[in-house]
There are 2 protein chains.
Amino acid sequence: MTDSTRSRVKTAAAKRQRLMAAAAQVVHRQGAERTTIADIAHAADVPVGNVYYYFKTKDELVAAALAEHARQLEILTGRLEALADPRERLKSLVESWVSQRDLAARYGCPTGTLAAELDKRDDGGLDVEAGRVIRLLIDWAERQFRELGQPDPEGLALTLVSAYQGMSLLANALRDPSIMTRQGARLLDWLDSLPEAPAV
Amino acid sequence: MTDSTRSRVKTAAAKRQRLMAAAAQVVHRQGAERTTIADIAHAADVPVGNVYYYFKTKDELVAAALAEHARQLEILTGRLEALADPRERLKSLVESWVSQRDLAARYGCPTGTLAAELDKRDDGGLDVEAGRVIRLLIDWAERQFRELGQPDPEGLALTLVSAYQGMSLLANALRDPSIMTRQGARLLDWLDSLPEAPAV
DNA sequence: GTCTATAACGCGATAGAC
DNA sequence: GTCTATCGCGTTATAGAC
């Protein structure tokens, strides 16, 4: 590979990455259906017609947005692993949700709203892909509850993520960020109330 | 008003009602954006071009779908008022959610998914209207918690509706109706655990 | 590899015959 | 009051110049 080739590849990869990030952001704000290729191209500062060189269809761009959300989630959980106590990891997760309250009140949870939208389709497997991204979060939470020695860690993980999706949707529908703060506080109390090693 | 006029009016009103019910159903399944006027007209068995006689724009049809959901909600809560104990009313509400688990797993909560979709717009006031329908449910639940003598009835109502929206979204995203059953059971336990008249 | 011009299509909305 | 034919627009996707 020559230098010029490498530089061209690097530019192409960078453009592709810019398009992925732009797709994630614009789709979060406008929804997949209302977002046009031109919207994403403009946000990524890439010529409109050129987008098809990187993504053959619009659905591929939506899939890219999902992958970008999955990447962001992995970055977040990766940071949380630095904490020694799984309970602290979970509480820190809740706190990061609350810190995003203004964004959630305006556009909802990026993955949750996208999953809901894609589930209205009968074609393609994009809806299944969205479910997989949400599963990543549930599975991570389940591992934390298991480490805490909780019975039914999957049920607890489901409850936690369900609470997050619910409070995001309500904060969004009622345009009220304080819902995130108030319900987040309830979740923190709940996590604190769980016994360290419950009787079996 | 002559007999013939009344009969014409009655037919027109009936057609309008059919269109409202069809809009609610089709929009729930396909989402507002993917639903075309033709889809609704076909479901209501009304000639396609004739729809505009009853609803001037597509947005008016979406608003009609929201109104239909509000009407269904009032029918449900009206039935629950027959129960003497507010705790039983709330538990019965949860049970009705669980009984709709297959529909929720396929298309989510009708009002919640529609609200999330409409909140992606910056125009019109349809998103605010969707928030109002969700508020109806929260306010009703709040009255029940207040009758139960609970402190912070609004917070409890928010938690309950939030849990419903969250479990509906997860059941939908993961295509798993058993999530409604399991999280519904948790909600019933929670309602049972609330003291009748807590210390002030 | 990059970008422009345009084809092909589906949709909401309207005009006007019945 | 009812319905059909059609316009105009915005969109995805492609063909092909550079």
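In what follows, chains are A, B, ... by sequence order, proteins preceding strands, each numbered from 1. Values reported hereafter were calculated over all heavy atoms of this structure, with side chains retained and with hydrogens, waters and symmetry mates removed.
With respect to the salt-bridge test (charged N to carboxylate O, under 4.0 angstrom), the residues B/R146 and B/E142 qualify. Using a 4.0 Å cut-off between charged side-chain N and carboxylate O, A/R175 and B/D119 make a salt bridge. Comment: A/R182 does not engage B/D152 in a salt bridge, judged by the lack of any side-chain N to carboxylate O separation of less than 4.0 angstrom. Classification of B/E74 and B/R71 as a salt-bridged pair fails, no side-chain N sitting under 4.0 Å from a carboxylate O.
If A/T35 and B/Y53 are placed on DNA chain D by their nearest nucleotide, the residue sitting closer to the 5' end is B/Y53.
Note: CD (B/E33) to P (D/dT12) measures 12 Å, nearest angstrom. A/L19 places its CG atom 15 Å from the C1' atom of C/dG1, with the value rounded to the nearest Å. Between A/I37 atom CD1 and C/dA8 atom C1' there is a gap of 16 Å when expressed in whole angstrom units. Atom CG of A/D59 is separated from atom P of D/dT12 by 11 Å (rounded to the nearest Å). In this structure, CZ of A/R18 is placed 11 Å from P of C/dT2, rounded to the nearest angstrom. Separating the CG atom of B/D39 from the P atom of C/dG10 is a distance of 13 Å, rounded to the nearest angstrom. Protein atom CZ of B/R34 is 10 Å distant from nucleotide atom P of C/dC11, rounded to whole Å. Atom P of nucleotide D/dT14 and atom CD of A/E60 are separated by 11 Å, given to the nearest angstrom.
Closest to the B/T57 side chain, of the nucleotides C/dA13, D/dT14, D/dC3, is C/dA13. When the nucleotides D/dC3, C/dT14, C/dC3 are ranked by their closest atom to the side chain of A/P47, C/dC3 comes out on top. Distances were taken from every side-chain heavy atom of A/N50 (C-beta onward) to each of D/dT12, C/dA13, C/dT2; the shortest belongs to C/dT2. In this structure, the nucleotide among C/dT14, D/dT12, D/dT2 sitting nearest to the side chain of B/Y52 is C/dT14. Of all nucleotides listed (D/dC3, D/dT12, C/dT2), D/dT12 comes nearest to the side chain of A/T36.
Using a 4.0 Å heavy-atom distance criterion, A/Y54 is classed as a sugar-phosphate-only contact.
Under the 3.5 Å distance criterion, with hydrogens and angles disregarded, a donor-acceptor pair is assigned to the side chains of B/W140 and B/E81.
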